[in-house]
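Take a look at the structure below.
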Amino acid sequence: SSSEADEMAAALEAELNDFM
Amino acid sequence: TPSSGEVQLTEEAVRRYLSRKPMTTKDLLKKFQTKRTGLSSDATVNALAQLLKRLDPERKLIADKMHFFLKE
């Protein structure tokens, strides 16, 4: 489900925040 | 090789996708959906974050969205 992908993408970007 | 539909979240797989075209975190997550890898969503996020930090891909803003890619 895309909402799951959205949530995971937000979590992933939070993990990568200094990296982004 | 994984059976049909099953994928493995490996550095090699991520490297292959990013060498092919710039992808957002969401694009990558769609390639490694939890139901296809058998990983939990937390495990998928953590693994993908570690792999991306290790690969240290190029970044590019496309349509105001950050994309990762690897030059050949």
Side-chain angles (χ1 to χ4, degrees), chain A, chain B residues 2 4-72:
Chain A
S1 62
S2 73
S3 66
E4 183 193 17
D6 280 335
E7 269 168 40
M8 289 171 66
L12 183 51
E13 286 174 13
E15 278 275 314
L16 295 171
N17 66 344
D18 51 342
F19 185 74
M20 299 284 272
Chain B
S4 67
E6 196 189 305
V7 293
Q8 292 183 330
L9 176 45
T10 63
E11 184 171 330
E12 196 39 51
V14 176
R15 179 192 305 277
R16 231 187 348 260
Y17 282 124
L18 295 183
S19 319
R20 207 173 294 157
K21 67 181 173 87
M23 295 178 81
T24 62
T25 54
K26 193 169 170 185
D27 295 335
L28 279 168
L29 285 163
K30 282 190 182 150
K31 299 290 184 195
F32 299 107
Q33 288 174 5
T34 52
K35 58 178 176 281
R36 294 175 67 193
T37 60
L39 294 173
S40 70
S41 52
D42 289 356
T44 303
V45 168
N46 292 332
L48 205 43
Q50 294 313 319
L51 288 177
L52 283 171
K53 286 177 185 167
R54 221 182 6 239
L55 287 170
D56 189 20
E58 308 273 328
R59 276 80 114 196
K60 189 156 71 167
L61 263 186
I62 302 172
D64 288 341
K65 288 179 74 176
M66 176 64 81
H67 288 64
F68 293 114
F69 67 101
L70 283 169
K71 290 200 177 84
E72 283 303 328

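We name chains A, B, ... by the order of the sequence lines, and we start the count at 1 in each one.
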Partner set under side-chain contact (heavy atoms from CB on, under 4.5 Å) for A:A14, not counting sequence neighbours: none

Contact origin within B:T34 toward chain A - heavy atom pairs under 4.5 Å: side chain

Heavy-atom contacts under 4.5 Å, residues 50-57 of chain B to chain A: B:Q50, B:L52, B:K53, B:D56, B:P57

Over all atoms of both residues, closest heavy-atom pair of A:A9 and B:T25: CB-OG1, 3.8 Å

Chi angles and distances behind the side-chain contact (heavy atoms from CB on, under 4.5 Å) call for A:E7, B:S41: CA-CA 9 Å; A:E7 269 168 40; B:S41 52; over 6 Å; no

Which atom of B:L29 lies closest to which atom of A:M8, heavy atoms considered: CD1-C, 3.4 Å

Where at least one partner belongs to residues 28-72 of chain B, residue pairs that pass ring-ring contact (aromatic ring centres under 6.0 Å, His included), sequence neighbours excluded: B:Y17-B:F32

A:D18 atom CG: more than 12 heavy-atom contacts under 6.0 Å: yes

Pairing residues for A:A11 by the side-chain contact (heavy atoms from CB on, under 4.5 Å) criterion, not counting sequence neighbours: B:V45

